[in-house]
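Just so you know, these numbers come straight off a predicted model, no measurement behind them. Chain letters run A, B, ... following the sequence lines, proteins first, then strands; residues in each count from 1.
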Amino acid sequence: MNLYRFLQASICEICADLAADGLLPADLDLGRITVEPPRDPSHGDVATNAALVLAGPAGRKPRMLATMLAERLLATDGVATVEVAGPGFINLRLTAAFWYARLAEILHAGVAYGDSTLGGGEPVNVEHVSANPTGPLHVGHGRGAVVGDALGALLEKAGFAVTREYYVNDAGAQVDKLARAVYWRYLCALGESIADGVAERYAAQSPPEYGGDYLIAVGESLVASHGDSLVGLDEGNWLATVREAAVAAMMALIAEDLKALGMVFDVISSERALVEDGAVEMTLSRLQERDLIYTGVLEPPKGKLPDDWEPRPQTLFRSTAFGDDVDRPLRKSDGSWTYFASDIAYHLDKHRRGFRVLIDVWGADHGGYVKRMQSAVRAISEGRAELDVKLCQMVNLLDAGQPIKMSKRAGTFITLREVLDRVGRDVFRFIMLTRRNDAPLDFDFEKVTEQSRENPVFYVQYAHARCHSVIRHAEGEFGAEAVTDAALAAADLALLTDPAELDLIKAMAAWPRLVEGAAEAHEPHRIAFYLQDLAGLFHLLWTKGKDDAQLRFVTIADRPLTLARMALVRAIQTVLASGLKVIGVEAVEELR
RNA sequence: GCGCCCGUAGCUCAGUGGAUAGAGCGUCGGCCUCCGGAGCCGAAGGUCGCAGGUUCGAAUCCUGCCGGGCGCGCCA
């Protein structure tokens, strides 16, 4: 349970009671009341601003109102002390029994601890990765993938009905360029079976923009499937065939990368399919009916002009009517749709599938696109849907503090797969969440793989493994049957009296609120930060046991105390596992 | 020039309107030899970029500056 929400409800009840007794106005707005942990722990376990926000509307002095509320709060179950502080804060301390009940709750819930009904089953669509199918994923894609996947898991834990979706941009100019590069590889693969210089001449006339070796195999497979039948044809006669094969091959490549990340998508949407279904025309005609599309000439961008700027009438979407800075073009000069046009159709498609909450995870270089897409979503949903875009900043690869220089041309480009092969999925996923999505992130191969306290992945996984180790130790001393879930559920938790033990219980009791807050803010990195904090508290208590034998988890001479502490350790292990599950990192029982 | 993101301790960064702004690293001063190992305690260190505003209360919201990143019609 979210104890802060629980106490907030209690406070609201008290206000209702006071109103019924004629001591407060009946129609007070209780919405601004917050219940939260005080920043300074010496102020107690929980603080509320209720008296401060109600004082004005109720026509009372804050401290007087606080005193009135405090009196009744003291009678609330689980509340040990209440004091009025500062301008009118009410500080609460909760009883030990309340905290022990939280511990029991964790043991009972298992990794489901922290699950919330906040979302109420509301459908949420999280679109992420959505890399062009033109090559293997790079590290930046990997960051977006992790952010999106963890955000999805977080929202699920908070009670939303999440769909994870990948949008394949398989209709634009980029995939045509890919097809040409593959065609060149195809000519090369035919080698001596065709006339000399055919491949060279093609490359000279149409320099491949995708030069990666990963296209060699695609060219070879075209030879296997089509022989030399594509040679000598006009582009129009082979482009579709080659493009289809190339996109399929690239999607297979990307699927492998995603599999290496341990990632699964619920829906994969194709831009080409949308376009071929006429979804773009349909979408735009709806907007046309509402007079949101017109032909006009855009003002040139202020400041330095693009070299080839010339005023030109274009088909424009009236995005300024929905918060954008300028209206945006929908059609290219060759008559085809802009990416924006098909993306509007795609977002309408998502909305029509029942989503009012849309989340897109993009690279920060697409930041200039956010407003127009949000405008479009407002327009096509007629204000019923809202788009949140999470922009992911750059990942800087380093080795022992030295930046790794990457160049596609020089062939020193490091793919996501290479990183995963080197450090493993768990390390990558965790590190990607050790910064907010909108902050640049340094990824140092040396640091993220070392087994030290400075490495957060190791630090958290070690805490989890250490929990298992401690419990194994207790099993060795008391027998496996002594520390079963049933036995721990029956332990006398009141024996946990050390402040460090209570701190740990309180930290775990904060987990449900953290999940809800992170879910509402769409900020999965908070999970990783929380796990580091919790692991730190556990390591701290463990270390205290080195100096003070009284605090050791396993005390052979005191079975009841050991059992109580095993309950604590099991709970810590459970909450760590619960958080690791959200970010998709394995909760290991042993470190190798 | 315009838009978006960012600016918090020496460094890297947390902090969804609450009280005396936190953590890790680094620095300084003490300890420490292990339930499974990469350690513990303490100290110093801040006009939260600057200036206004809203509020009982602002690192947080609004406005304007300053500095950095990204983007700026027919790429995605």
Side-chain H-bond candidate by donor/acceptor type, [X] with [Y], under 3.5 Å:
X: A/Gln8; Y: A/Arg5; answer: no
X: A/His366; Y: A/Asp360; answer: no
X: A/Ser319; Y: A/Asp324; answer: yes
X: A/Glu127; Y: A/Ser130; answer: yes

What interatomic distance, in whole Å, is found between [atom1] of [M] and the corresponding atom of [N]?
N: B/C75; M: B/G71; atom1: C1'; result: 13 Å
N: B/A51; M: B/U27; atom1: P; result: 33 Å
N: B/A14; M: B/G52; atom1: C1'; result: 28 Å
N: B/G7; M: B/G15; atom1: C1'; result: 15 Å
N: B/U16; M: B/C62; atom1: P; result: 14 Å

Base, sugar-phosphate alone, or nothing: which one does [X] contact when heavy atoms must sit under 4.0 Å apart?
X: A/Phe340; value: nothing
X: A/Arg435; value: sugar-phosphate
X: A/Asp327; value: nothing
X: A/Arg565; value: nothing
X: A/Val470; value: nothing
X: A/Thr543; value: sugar-phosphate
X: A/Gln451; value: base
X: A/Arg63; value: nothing
X: A/Ala518; value: nothing
X: A/Leu316; value: nothing
X: A/Pro456; value: nothing
X: A/Ala364; value: sugar-phosphate
X: A/Ala549; value: nothing
X: A/Gln374; value: nothing

Quickly work out the [X] [atom1] to [N] [atom2] distance and round it to whole Å.
X: A/Lys544; N: B/G42; atom1: NZ; atom2: P; answer: 9 Å
X: A/Asn455; N: B/G39; atom1: CG; atom2: P; answer: 12 Å
X: A/Leu441; N: B/G69; atom1: CG; atom2: P; answer: 19 Å
X: A/Tyr294; N: B/G73; atom1: OH; atom2: C1'; answer: 12 Å
X: A/Asp388; N: B/U16; atom1: CG; atom2: C1'; answer: 13 Å
X: A/Tyr530; N: B/A23; atom1: OH; atom2: P; answer: 18 Å
X: A/Tyr459; N: B/A23; atom1: OH; atom2: P; answer: 13 Å
X: A/Arg32; N: B/U54; atom1: CZ; atom2: P; answer: 16 Å

[X] side chain: which of [options] is closest?
X: A/Glu523; options: B/C41, B/G15, B/G18; answer: B/G15
X: A/Asn132; options: B/A76, B/G73, B/G57; answer: B/A76
X: A/Glu454; options: B/C35, B/C25, B/A76; answer: B/C25
X: A/Val554; options: B/A14, B/U16, B/C35; answer: B/C35
X: A/Leu298; options: B/A38, B/G73, B/G15; answer: B/G73
X: A/Arg526; options: B/C40, B/U16, B/G73; answer: B/U16
X: A/His525; options: B/A38, B/G15, B/C35; answer: B/G15

Partners of [X] by side chain to side chain donor-acceptor pair (under 3.5 Å), sequence neighbours excluded?
X: A/Thr315; value: none
X: A/Arg63; value: none
X: A/Asn91; value: none

Tabulate atom names and distances for all N/O pairs under 3.5 angstrom spanning the protein and nucleotides 30-33 of chain B.
none

Subject >> Interface with RNA chain B, restricted to residues 49-61 of chain A and to heavy atoms under 4.0 Å >> reply: A/Asn49, A/Leu52, A/Val53

Short N-O contact, [X] and [Y], less than 4.0 angstrom:
X: A/Arg565; Y: A/Glu501; answer: yes
X: A/Arg436; Y: A/Asp438; answer: yes
X: A/Arg472; Y: A/Glu589; answer: no

Original post:
Does the ring of A/Tyr339 lie flat against the base of B/C75, closer than 5.5 Å centre to centre with planes under 30°?
Top reply: no

**OP:** Measure from the ring centre of A/Tyr369 to the centre of the six-membered ring in the base of B/G71, then say whether that distance is under 5.5 Å and the planes meet at under 30°.
**Re:** no

**OP:** Tell me, please, which residues at least two apart from A/His539 pass ring pair (Phe, Tyr, Trp, His ring centres under 6.0 Å).
**Re:** A/Tyr459, A/Tyr462

Subject >> Residue list, ring pair (Phe, Tyr, Trp, His ring centres under 6.0 Å) with A/Phe538, at least two apart or on another chain >> reply: A/Phe553

Original post:
For RNA chain B, what is the dot-bracket line, given that a base pair needs Watson-Crick (N1 to N3, plus N6-O4 or O6-N4) or G-U wobble (N1-O2 and O6-N3) geometry with both distances under 3.5 Å, and | means paired with another strand?
Top reply: (((((((..((((....[...)))).(((((.......))))).....(((((..]....))))))))))))....

Subject >> Residues, nucleotides or ligands: over 12 heavy atoms within 6.0 Å of A/Lys506 NZ >> reply: yes

Please tabulate the protein-to-nucleotide N/O contacts below 3.5 Å involving nucleotides 59-67 of chain B, giving atom names and distances.
none

**OP:** Determine, for nucleotides 4-10 of chain B in 5'-to-3' order, which nucleotides have protein heavy atoms under 4.0 Å from the base (write B), from only the sugar-phosphate (write S), or from neither (write -).
**Re:** SSS----

Subject >> Partners meeting side-chain contact (heavy atoms from CB on, under 4.5 Å) with A/Asn132 (sequence neighbours left out) >> reply: A/Thr134, A/Asn169, A/Gln174

Original post:
Who are the side-chain contact (heavy atoms from CB on, under 4.5 Å) partners of A/Leu298, not counting sequence neighbours?
Top reply: A/Gln314, A/Leu316, A/Pro329

Original post:
Taking the six-membered ring of A/Tyr294 as reference, does the NZ or CZ atom of A/Arg318 fall below 6.0 Å from its centre and within a 45° cone about the axis?
Top reply: yes

Original post:
Is any N or O donor-acceptor pair between the side chain of A/His366 and the base of B/A76 shorter than 3.5 Å?
Top reply: yes

Subject >> Within-4.5 Å side-chain heavy-atom neighbours: A/Phe478 and A/Glu475 >> reply: no

